[in-house]
2 protein chains.
Amino acid sequence: MRQDNRLPRVLHALLHLDGMKDPATSDQLAEMLNTNAAVVRRTMAGLRDQGILTSIKGHGGGWQLARPLDEITLAEIYKALGAPTLFALGCGDEDSQCLMEKAANTATARALEMASQTFIQVLSSVTMADLADDFELRMKELGLTPEDFAYEGTGQH
Amino acid sequence: MRQDNRLPRVLHALLHLDGMKDPATSDQLAEMLNTNAAVVRRTMAGLRDQGILTSIKGHGGGWQLARPLDEITLAEIYKALGAPTLFALGCGDEDSQCLMEKAANTATARALEMASQTFIQVLSSVTMADLADDFELRMKELGLTPEDFAYEGTGQH
DNA sequence: GAATCACGTAACATTAAAAGTTACATGATT
DNA sequence: AATCATGTAACTTTTAATGTTACGTGATTC
């Protein structure tokens, strides 16, 4: 299949949302993420259901953070996305009859399982606040200020 | 993309090859692996180039192990396959301009990198002989003998 | 209360890479 | 010389994310 970029995309979106006082519309986020509004809604739906984001309909509506960044771990976000398939590699047919195939599949599955645990463990140890810190560091390194990253919205609602 | 099952498939094939004294043709292996000969040749090409397998053309030819199983680690096999993409997850655009996107991508990439290291590490710690042992254990648990797994070839060449 | 805005969602097209398939060239054996 | 088996190219199929379009529903504004 195609590569699944939902996780980094959502992380990116959340960082932008943190810097805004008004809700951001799906269209605004779509522009930031170089995609379109339907993809944004579809992707963020899980985060809303999980209580990470709030969505507001109607005039002045859009997406907002439901919690401060330091109370959101990357693992929680990954889970909110439905914990999508991590690996492009498979471990063969689940219920094969051949015992040699079973040995081969089990060995592959074990390596994948260990890797998966590492992945989740790393995600669990990082919060969105850590990403915000990383962003600020990068900004200072370039001698920029937060104003350079404020979203240029219409301000009308 | 579709799932990549080359690794478990090749492991399976090597276990079968270990039990045979004559070379196995691509057609024979294809039958064991539930695929066809061209896929077998394409998949095993890397293992031949890496000196794990030998391929012999012509009458009585086919595929053979080039080394004993305890001198072949799973990591070496994975590398011989070209170290195919491990993850279905991507970490976003490599050279994005947005610093927030960079922070998001970097965090994702870090988690993937750690997971990848774990994967390789586990593969490095397992040899094909370990898989053969696992197979024998499964066989004994079912009260079967090696003869039950000998390939029923034509014997003609 | 009508118009507008923005999310919610369904349906369909696009995309990318492994896997499946077919065909034929090359080399080895009989 | 005929046959067997690999080597390889070209093309089709498969699968799930992504892109796209369209329309329903709820909230706000005037």
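Proteins get letters first, then strands, A, B, ... in listed order; numbering begins at 1 in each. From a predicted model like this one, the values you see are computed outputs, not experimental measurements.
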Indicate whether OP1 or OP2 belonging to C/dT9 is found under 4.0 Å from a side-chain N or O atom of A/R42. no
Between C/dA17 atom P and B/F87 atom CZ, what is the distance in whole Å? 17 Å
Grab the CG-P distance between A/L81 and D/dA17 for me, whole Å please. 11 Å
Nearest-nucleotide wise, let me know which of A/I56 and B/W63 is further upstream toward the 5' end of DNA chain D. B/W63
Are the side chain of A/S124 and the backbone of A/I120 linked by a donor-acceptor contact shorter than 3.5 Å? yes
Hey, is the side chain of A/S26 poking within less than 4.0 Å of OP1 or OP2 on C/dA6, counting only N and O atoms? no
Under 3.5 Å, side chain of A/S125 to main-chain N/O of A/V122, donor-acceptor pair present? yes
State which of C/dC7, D/dT18, D/dT6 makes the closest approach to the side chain of A/D4. D/dT18
B/S55 side chain N/O closer than 4.0 Å to the phosphate oxygens (OP1, OP2) of D/dG7? yes
Measure the acute angle between the ring planes of B/F119 and B/Y78, then classify it against the limits of 30° and 60° as parallel, tilted or perpendicular. perpendicular
Nearest to side-chain heavy atoms of A/R2, which nucleotide of D/dA17, C/dA6, C/dG20: D/dA17
Do any side-chain nitrogens or oxygens of B/T35 fall under 4.0 Å of OP1 or OP2 in C/dG20? yes
Within the structure, does a side-chain N or O atom of A/R6 lie under 4.0 Å from either OP1 or OP2 of D/dA16? no
Separation of atom CG in B/N34 from atom C1' in C/dT21, rounded to whole Å: 16 Å
B/R41 side chain N/O closer than 4.0 Å to the phosphate oxygens (OP1, OP2) of D/dT6? yes
note: A/M44, atom CE; D/dA17, atom P; distance rounded to Å ~ 18 Å
Expressed as a whole number of angstroms, how long is the span from A/L53:CG to C/dA6:P? 17 Å
Is there a side-chain polar atom (N or O) of B/R48 under 4.0 Å from OP1 or OP2 of D/dG7? yes
In whole angstroms, the gap separating P of C/dG20 from CD of B/Q3 amounts to 12 Å
Categorize B/A30 for me: base, sugar-phosphate, or nothing, with a 4.0 angstrom heavy-atom threshold over every strand shown. nothing
Between B/R9 and A/G62, which residue's closest nucleotide on DNA chain C lies nearer the 5′ terminus? A/G62
Just compare C/dT26, D/dT8, C/dA6 and give me whichever is closest to any side-chain atom of B/K57. C/dT26
To the nearest Å, how far apart are A/Q28 CD and C/dC5 P? 13 Å
Heavy-atom nearest nucleotide on DNA chain C for B/N5 versus A/A38: which residue maps closer to 5'? A/A38
Is the backbone of B/P68 close enough, under 3.5 Å, to the side chain of B/E71 for a donor and an acceptor to pair up by distance? no
Main-chain N/O of A/T127 paired with A/D130 side-chain donor or acceptor, under 3.5 Å: yes
Please report the distance, rounded to the nearest Å, between CG in A/L89 and P in C/dA17. 15 Å
Does B/N36 have a side-chain nitrogen or oxygen under 4.0 Å from the phosphate oxygens OP1 or OP2 of C/dG20? no
Count I, L, V, M, F, W, Y as connected when their side-chain heavy atoms are under 4.5 Å apart, and connections chain through other members. Are B/L137 and B/M128 then in the same cluster? no
